[in-house]
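Just so you know, these numbers come straight off a predicted model, no measurement behind them. Residue numbers run from 1 in the order of the sequence given.
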Amino acid sequence: MYIEFVILDNFLLTYLAGTSAARLCHCKPCVWRMLAASAVGTAVAVFYPFMRINGWAMFAVKATLWAVLSAVMYAGTPRALTKGMAFLGCTFMFGGASYALGLIIYAEPSKAAAFTRKYPLFITLGTAAAVYCSVRRAVKRLRVPRARAPYEYGTQVEIFGAKLDFHAFLDTGNCVFDGKTGLPVVIVGASDFAQKLDGAAAVEFAKKLPELRTMTVRTPSGESEIFILQPSRITVYSDRRGHTINAMVGLVRGGNSFSHTHEMLLNPAAMTEGI
């Protein structure tokens with residue numbers, strides 16, 4: 001039964017650790033990359049007991065394996081190095097969870113180790129699943145933008161298959177409405193918007209850019225031309241409560257953040273009484 005335990009444990013734990021690391025870095029994991037890395041890690045782990053090396057040599061083998069697995073899962077993606085370090089941390093976290101459970105039950109290291117050896121598959125995968133669910137929940141909570149002042153809101157725009165978070169300000173001077181749909185417009189600097197896109201979302205935005213409608217708006221500093229985009233959803237957060245608003249997104253050409261903290265100007269007409 002040893003081989004079966006090694007294959008199941010290592011394959012699923014590598015997959016869960018790699019996926020959790022990507023989630024912690026606010027990125028969507030690539031399933032095929034995760035499966036490939038899990039297969040490579042499992043294949044190497046099967047031969048660990050037969051390797052006639054120890055000490056620094058074994059450390060070098062495991063360090064090399066970590067680098068290879070990180071490259072398979074994250075090479076060429078945003079924040080690849082950060083994801084690799086997060087993967088290492090998640091690996092320790094999942095591995096330590098089983099032993100920690102044994103210590104909680106027996107309070108003696110020797111009995112805790114015997115406990116994890118007696119039920120390796122159930123304990124390892126059970127604790128890994130619990131930790132994974134906890135990580136996913138924690139990531140969701142951490143990613144929720146919060147309100148920071150009476151007129152400051154966390155705002156999330158879902159567009160081009162991505163979820164973009166902005167620090168927004170409720171601007172009573174923003175009276176811009178889209179002439180075609182009649183919807184209020186929230187204003188974002190084009191540079192800020194583009195920097196938040198990555199991967200497929202950036203490619204999709206580049207394809208759609210020549211087709212986007214434009215309109216001219218008047219501001220205290222003069223006239224500006226903005227691109228009009230229709231998002232899948234805009235969610236404005238009051239504390240931890242999310243409220244969906246019906247609005248268009250206006251990109252100011254060449255625009256950056258409107259201040260050190262505000263990346264978006266909300267239109268009062270789009271806000272509901274519950275916010």
Can Asp178 and Arg213 be said to form a side-chain contact (heavy atoms from CB on, under 4.5 Å), step by step?
CA-CA 10 Å; Asp178 178 27; Arg213 292 187 292 112; 2.9 Å; yes
Audit row: Met215, Val176, side-chain contact (heavy atoms from CB on, under 4.5 Å) steps and yes/no:
CA-CA 10 Å; Met215 63 180 293; Val176 180; 4.2 Å; yes
Would you name the heavy atoms of Val72 and Ala36 that are closest together and state the gap between them?
CG1-CB, 4.0 Å
Is any side-chain heavy atom of Leu212 closer than 4.5 Å to one of Ile228?
no
Point-to-point distance, once rounded to the nearest 0.5 Å, from CG of Leu266 to CZ of Phe169:
9.5 Å
Cation over ring, Lys196 on Phe166, under 6.0 Å and within 45°?
yes
Enter the distance from Phe11:CZ to Leu16:CG here, rounded to the nearest 0.5 Å.
10.5 Å
OG1-CG distance between Thr14 and Leu35, expressed to the nearest 0.5 angstrom:
11.0 Å
Are the side chains of Leu251 and Ile226 in contact, using a 4.5 Å heavy-atom criterion?
no
Would you check if Leu164 and Glu158 make a side-chain contact, meaning some heavy-atom pair closer than 4.5 Å?
no
Might you work through the side-chain contact (heavy atoms from CB on, under 4.5 Å) test for Met264 and Tyr153, ending with a clear yes or no?
CA-CA 9 Å; Met264 175 184 288; Tyr153 298 88; over 6 Å; no
Give the minimum heavy-atom separation between Phe87 and Ala21, together with the two atoms involved.
N-CB, 3.4 Å
Polar side-chain atom of Asn246 near backbone of Ala270 as donor-acceptor pair, under 3.5 Å
no
Criterion side-chain contact (heavy atoms from CB on, under 4.5 Å) on Val186 and Leu265, from CA distance to verdict
CA-CA 6 Å; Val186 298; Leu265 298 180; over 6 Å; no
Check: Arg233 side chain, Ile245 main-chain N or O, donor-acceptor pair, under 3.5 Å:
no
Hey, does the side chain of Gln230 reach the backbone of Met248 with a donor-acceptor pair shorter than 3.5 angstrom?
no
In a check of side-chain contact (heavy atoms from CB on, under 4.5 Å) between Phe227 and each of Val188, Thr214, Val252, which one passes?
Thr214
Starting at CG of Leu12, measure out to OG of Ser38 and round the result to the nearest 0.5 Å.
8.0 Å
Mark yes or no for whether Thr235, through its side chain, and Thr244, through its backbone, hold a donor-acceptor pair below 3.5 Å.
no
Has the side chain of Asp171 got a donor or acceptor atom that lies under 3.5 Å from a matching backbone atom of Asn267?
no
Hydrogens and angles aside, do Thr77 and Lys83 bring a side-chain donor and acceptor to less than 3.5 Å of each other?
yes
Do the non-hydrogen side-chain atoms of Thr155 and Tyr237 ever get within less than 4.5 Å of each other?
no
Same hydrophobic cluster for Leu65 and Leu81, using side-chain heavy-atom links shorter than 4.5 Å among ILVMFWY?
no
Cluster question for you: counting only ILVMFWY and a side-chain heavy-atom cut-off of under 4.5 Å, with indirect links fine, are Val31 and Tyr74 together?
yes
If two hydrophobic side chains count as joined below 4.5 Å and joins carry through other members, does Phe177 share a cluster with Val249?
no
When clusters are formed by joining ILVMFWY residues with side-chain heavy atoms under 4.5 Å apart, either directly or through shared neighbours, do Val203 and Leu197 land in the same one?
no
In this structure, CE of Met34 is separated from CE of Met73 (nearest 0.5 Å) by 5.5 Å
What is the minimum heavy-atom distance between Cys90 and Ala17, and which atoms define it?
CB-O, 3.8 Å
Straight-line distance of Phe205 CZ to Ile159 CD1, nearest 0.5 Å:
8.0 Å
Assigning hydrophobic clusters by single linkage (Ile, Leu, Val, Met, Phe, Trp, Tyr; side-chain heavy-atom cutoff under 4.5 Å), is Trp56 placed with Val61?
no
